[in-house]
Every structure is written in C-alpha cells, then in structure tokens.
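Data block below; observations after.
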Amino acid sequence: MQPRFEGKALLVIGPVLFLFAALAVMIALVFSQFHALTDAEGWVVHTVEVQAGLNALSTELGTAQAAERAYLLTGADRYKTQLGVAASNAPMRLNAVQLLTLDNPAQQERIAALEQIVKRKLQSLADSVALRSSGQREAAVAQTAAPERDTLDQQIDSLIAQMETAEEKLLLERRDRSASAHRKTQMLFAEASATSIAAILLASIMISRELKARRNAEDQLLRTNERLEERVEEQTRDFRQLAENIPQLAWMTHPGGDIFWYNQRWFDYTGTDLEQMKGWGWQKVHHPEHVERVTDRFRKAIETGEPWEDTFPLRGRDGSYRWFLSRAFPIRNADGRIARWFGTNTDITGLRNAQEALRASEERYRVLSQELEQRVEERTEQLTKANAQLTDANEKLKEVDRLKSEFLATMSHELRTPLNSIIGFSEIIAAGLAGPVNEEQKRQLGMALGSARHLLQIINDLLDLARIESGKLEVVRSSFPLREVVQQVVETLRPLANRKNLSLETEVPEGARIFTDRKMIFQILLNLANNGVKFTERGKVRIVAEITGKTLRMAVSDTGIGIQKQNLGELFEAFRQVDGSARRRFEGTGLGLYLCKRLVGLLGGEISVESVYGLGSTFTVTLPLAEQGE
Amino acid sequence: MSDETRVLLVEDNEQNAYLATFLLNKAGIHVTRAASGSEGLRLARGAQHHAILLDIQLPDLDGYELARILRQEQAFDRVALVALTSFAMPNERKKAFEAGCNGYIEKPIEALTFAEQVRAFIKDYEDSNRR
C-alpha cells in the first residue's frame, strides 16, 4: 500500500510543482514590468521636477528683478536683501535642474548657456543696485532700460522655453512608454492571473482528488480495520463458542499462569464459580495425592514455555473423582511473547476403565490361553496317538486293499480255470471233435455252454467293477480305426443276433482313426449292443458313429421293448435291471450299463438314453477325442 | 528235426492241460506238458520246441519269471513264447510282452480256433526272426 501511495503523491505533486514554477516565472515577469512601470512614473515626476525647477528659476529671477526695481525706487535695504536672496537661490535652482538632467546632454548645454546668461542678468541687477546705493540713481535707472537687459531676458525665456519643450517632449515620449508598460503589465498581470487561477484550479482539483483518494484510502483503512475488529470479535466469539461446546473442560491463563477464564463445562463439572477458581484456585478440586506434582509440572511449563501435559483426577460437584488427560499450550503474540495459555482437560475415565478392563481381560485371556495351551498339548498328544492309530489303521486298510485285490485276482483265476475247461470241452463235444453227438445232446450242451459263458461274463463284470472302484483301471490310449472296433463288436454278437433273426447294422465313417482306449471303447459298445440284442425280439440293432471336430458320438439303438419313463433315471445305477418280469426274462448281472457309465466317465465323456416304451431305445455316448501324442 | 510242430505246454491244471493238448493234437501239433514252472524250464532245456505255451499262475515259477529266464538263454532265441492268461490281473498283456513273450492268448480259450492261434504266433515269430 505504501509504495503505491508514494507514486500517487508524486503524480499529484509533479504538476503542482510545475504550476508553481510557472507562476513564479509569471510573478517575476510581472515584477520586472512593474519595475519598468515605476521607472516610467519616475520619469514623469522627473519631467515635472525639471519643469518645477525651471519655474522656480524663473520665479527667483522674477523676484530678483522685482527686488531691484523696488530698491531702485525706494532705496529700502530690505529690497536689496531680497535681491541678494533671490540671486543666491537662482544658481541653486539652476543647479537642481542641472542635476535632474545630467543624463541629457542637450539640456546640459542649455543649462550651461542659461547659467552664463543668468549670471550676466544677476550681475546687471547687482550693478544697477550698486549704482543706486552710491547715489547714482539716474545711472541705475538707465541701467534697467539698457537694451542688453532685454536681450538677456529674451535669451533666458527662450532657453527656459526650449528646455521646457524638450522636457515636455521627453515627457510625452516617456508617457507613451509608460502607457505601453502599463498595458504590458496589465496584460502580463492578466495572463499571470489567469495562469495562476488555472494553476490554482488545477492544483485544487488535484489536491481535492488527492484528498478524496486519501479519504477513500482512509475510509477503506477504516472499514478494513472495522472488519478486522469484527473478525477479531467474531473469532473471539467463535473461540469462546468453540471452547464452550467442546466436550473438554477448557481454560485460559495470563502469561504467568493465573487462570482468568474457564468454559462453562468446568463450572458445571466442578460445581464452582470463577471467583473460587481464578488464579490458582483450581488446586481446590485436585486430588491431594496429585496436586503437588501437577502444580510443579505446570509451573515448570509456564517457566519454559513448553506445552504441558499431565493426567490426574479432578473432583466433581458430587465429590467423586474422574480422571482427566490435561494439556495446555502457549499462545504467542506477533512478536513471539507468550500472551496467554490455553488448556483443556479431557475426561478419560471411560478409557482408563476400558484399559483396566482390557488389562483384566488380557490377564484372563492369558490364563485361559495357558489353560488352552495345556489342553491343546494334551489334545495334540491324544491326536498324535490317534494319528498313530490311524496310520496303523491306514496301513492295515492298505493291507486289506492289497489282500482284496489279491483275493479278487485269485478268485478270478480260480473261477475261470474251471470255466475254461467247462466251456472248452462243451465246445469240443458240441463241435463233434470228440465223436458224434445226437441233436438232443447238442441242444443240452449248448445250454451248458450258454450258462458257462454267462457265468464268465458275471465274473468279468465284477472284476472290471472292482478294478474301477479301486482306481486300478488305467486308460491306455492308442490310435486305431474306429470301424475295426465296431466290426469286432458286430462279429462278437452276430451268432446271438442270427439266432434271434435280428439284423445288425453299422454306420461308421470310412477310414476314421481315433486315439483313445481301444479296449474300453470295445467294452462300451459291446455292452450297449449286447443289451440291444438281448432286449429286442424283432427288428434290428444299429450302431452309428460320427466324429464332429474333436468329439466322437456313438449311438446304439434297438427296436426292442423300450424303457418306461420312471425307470430311465436309475438305469445307470449298479445292480439294476428294469422291472421284475424283465429280470426273469433276460439274463444279466445288471452291471453292464453301470460299467459303461464308469468307463465313459474314465474317458471324460457322457452317456445318455432316449427311449419310447414298446418301440425301442437309443443309448448315446459322447467322448472328447485326444490328439495323438497328447 | 521232423516237420511236425512241437510245443511245450506249461500248465498246472489237469483239465485245462488236457483240453489244450487235445485241441493241439487234433491240429497235428505235438505237445509236451509240464505241470510246474521248474518242470517247464527243465523240459524246455531238454528238447527243442517251436513254441512254449505258458500259463501265468503256476505253483513255483510263474509264467513271467519263466519267460524272462528262457529269453536270457540263446537256445530259445528262435522259440515263440505264448502267454495263456486268465485276464485276472491288470496289465497282463503288457507284463507278458515285457517278460519276453511274443504271443498272448486269453482264457477261456476258444476251442475251435485255439490251435490256429498257436500256429499263427509261431509263424509270426519265425517271420519276424527271418527279417
């Protein structure tokens, strides 16, 4: 604000100074003109003085001549004295005029001439008086009539007239000059006045502007000041309001630590008033065990100017104590001196109680945790024991599993070995290799062979199932022609189909090779197609295979008895065969479809069935095909 | 050595041994029978055969062991070893080939084709050795 103000002042003062300078020049000019004017006036006076001097000279000369005549007539001495005075005055008058016209050589010459003539005139007068005094009256009168006297008078008059004319002429000239000087002075004066007025006007405008600006600035300053005061008041009000509304007790001290203000909360809590509490009165509500320490530490803070913090109990209006965390910090002036201290007391009783509770809880927890640890140890011991037992049990189970597998293998071998010879010899006899057999024998042998084969099938299914359940059946992939496997299935089933007058149809893409477990595919197809043949009395069994992208889809459909809707859901469960009558009519373990489902699952595929009861069934297997080498 | 095809059958079960012998003899194949692994080894070393048919589950040496021993002896380089398995243990086919067998017939045997299968294995093995 300061520098801008200075700049503005310079802006105002510059022109004003300039105007004053101009005014001074004007005044100087006017003054010089005035001087010229007085000079001119002086000259007028001078001319008048010269004329007056000349008049005086004429008068002196007239007086001298009159005194001579009077003396000549009367002979009275007083006329003689008069003449003497006039005769002595005349040169003085002339001398005065001479002094007045020293600057004028023409007038000086005339005065010199006049002096000679005046001297002669006065001599002539003196001569006639001298004659009269010596008694020669006649000669004296004659002297007055002498022509020389007239000549002298004429010469005197002429010279005086000349001088007066010259002076008048001079006066006229000087009057002209004086008038012009007058006019000039007037003009100058007018100009100077105008300029001065302009200057004064300008100056006053500028000054008034400047004054206005200063007034504005002052007003602004005043308003700012008012606003500041308002703000200070507001802030003080805010602060008080804040201090009244904070949840803490609050107070303020003088720099020396004497408290001069508390918020209402302090009074509400302690049940005291400012009169009791001001200064160091707060010690009255402190606990006797703490008050000494608190006072010491607060004094120390006041001395060092360091912020103060302490925790202590304060007595409430009901006489009970609550714990407070108390803090105070110095508030400093702009010059850094401490103006006051502001302090608060925060009720931390709840916090302390919570901390106490927490400590107690921690202690309980510690005890519990120890107990728990002990229990865990005990439990761990028990578990270790149990685990050892489990390991034992597991070992035993493994052993049992191994024994089971071994048992199965042995059983399988033991069951098959007799079947081998039963089937073998039955075939030999039936084929007539051991000699001729009659038709009835052949029929009965065929029945024995069928039963033996069925028994073998049951053994095989059980064995497969056991392997799958124990996870021992591994997928062995190889690349082979799809048609070959389908053909193998057809060949296997053809004797049975021929006996029942059923046709076996296939539809397999030419030359298609697949990379999967050949034996499983064979088993799946054989099972499905075998079922088809088994449950169909008229018509056909059809195997359709197709490859779409990386998916193999195989469908086996028949024109058999079909399956009722309510039985479709449990079809793929183990040991199921649809309805009691069917069980009697058709041989089978009920394991076939379950085995198929498990095998398809091992290959990552799905199996489904659609059937119309009385018209036939279609079993569909969908398998993802692996790339060879994968 | 005569033109007759000679086969050593190592089989502990009397009925099955009789069955196989009957079928092979019917096809004009001469059969020597051993009832145990050790007897099989002795008889194999004692005479020349075109093929040795090995039952797997035998009282002393099992079929795989016998095959391994025989394949280590140069004398049996040109003798076809055919395993007769009852499809009881997993990976039987694989085990049989690993032990040195070059043929594999699953029991129960097909009475009408058994002898043909044996002849086919002998011929295959001779062909593969000639190559």
Side-chain angles (χ1 to χ4, degrees), chain A residues 402 404-435 445 448-449 451-457 459-464 466-476 478 491-492 495 517-520 522-523, chain B residues 9-29 31 33 35-37 53-64 82-98 104-118:
Chain A
R402 199 182 58 76
K404 191 189 83 179
S405 294
E406 219 167 83
F407 171 77
L408 269 173
T410 312
M411 278 304 289
S412 171
H413 182 256
E414 295 305 321
L415 289 170
R416 276 158 189 265
T417 302
L419 271 177
N420 191 38
S421 68
I422 293 169
I423 294 168
F425 287 120
S426 302
E427 281 175 345
I428 286 167
I429 297 164
L433 289 176
L445 268 172
L449 202 53
S451 297
R453 284 204 176 112
H454 184 214
L455 183 59
L456 183 66
Q457 186 57 48
I459 293 166
N460 285 346
D461 283 355
L462 272 173
L463 205 64
D464 278 344
R467 282 194 194 129
I468 290 171
E469 299 288 355
S470 62
K472 275 183 181 147
L473 195 68
E474 285 170 23
V475 176
V476 182
S478 61
E491 292 310 320
T492 311
D517 191 307
R518 179 173 178 151
K519 199 171 160 187
M520 287 185 188
F522 175 77
Q523 254 179 297
Chain B
L9 174 68
V10 189
E11 168 67 80
D12 59 332
N13 183 279
E14 287 300 327
Q15 288 78 19
N16 282 334
Y18 183 82
L19 175 66
T21 306
F22 179 88
L23 289 171
L24 291 171
N25 286 344
K26 273 278 172 196
I29 297 171
V31 178
R33 190 231 165 177
S36 71
L53 308 183
L54 299 159
D55 185 20
I56 295 306
Q57 280 167 314
L58 294 165
D60 43 13
L61 279 173
D62 77 17
Y64 303 129
V82 180
L84 302 176
T85 77
S86 49
F87 186 42
M89 300 298 282
N91 302 320
E92 280 185 333
R93 189 195 289 259
K94 200 177 156 215
K95 277 188 197 164
F97 286 122
E98 277 170 4
Y104 174 96
I105 297 170
E106 217 169 82
K107 288 186 191 174
I109 58 172
E110 292 280 333
L112 303 185
T113 60
F114 179 67
E116 277 172 46
Q117 287 178 56
V118 172

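We name chains A, B, ... by the order of the sequence lines, and we start the count at 1 in each one.
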Engaged part of A:Ala452 at the chain B interface, taking heavy atoms whose separation is under 4.5 Å:
neither

Just verifying a value: how many Å separate B:Tyr18 OH and A:Phe425 CZ, rounded to the nearest 0.5 Å?
6.5 Å

At their closest point, which heavy atom of B:Lys107 faces which heavy atom of A:Arg416, and how far apart are they?
O-NH1, 3.4 Å

Taking side chain as everything from C-beta outward and backbone as N, CA, C, O, which of these in B:Phe22 sits under 4.5 Å from a heavy atom of chain A? Side chain, backbone, both or neither.
side chain

Which atom pair, heavy atoms only, marks the closest approach of B:Ile109 to A:Asn420?
N-OD1, 2.8 Å

Which atom names give the shortest non-hydrogen contact between A:Gly424 and B:Ala111, and what distance separates them?
O-CB, 3.7 Å

Residues two or more places apart in sequence or in another chain: which of them pass salt bridge (Lys or Arg N to Asp or Glu O under 4.0 Å) with B:Glu116?
none

Measuring from atom CG of B:Leu19 to atom CD1 of A:Ile428, what distance do you get when rounded to the nearest 0.5 angstrom?
4.5 Å

Considering only heavy atoms, which portion of B:Ile56 lies under 4.5 Å from any heavy atom of chain A: side chain, backbone, both, or neither?
neither

Look at atom CD of A:Glu491 and say whether more than 12 heavy atoms of other residues, nucleotides or ligands are closer to it than 6.0 Å.
yes

Hey, does the side chain of B:Gln15 reach the backbone of A:Ser421 with a donor-acceptor pair shorter than 3.5 angstrom?
no

Report yes or no: does B:Lys26 contribute a side-chain atom to a donor-acceptor pair with the main-chain N or O of A:Leu433 at less than 3.5 Å?
yes

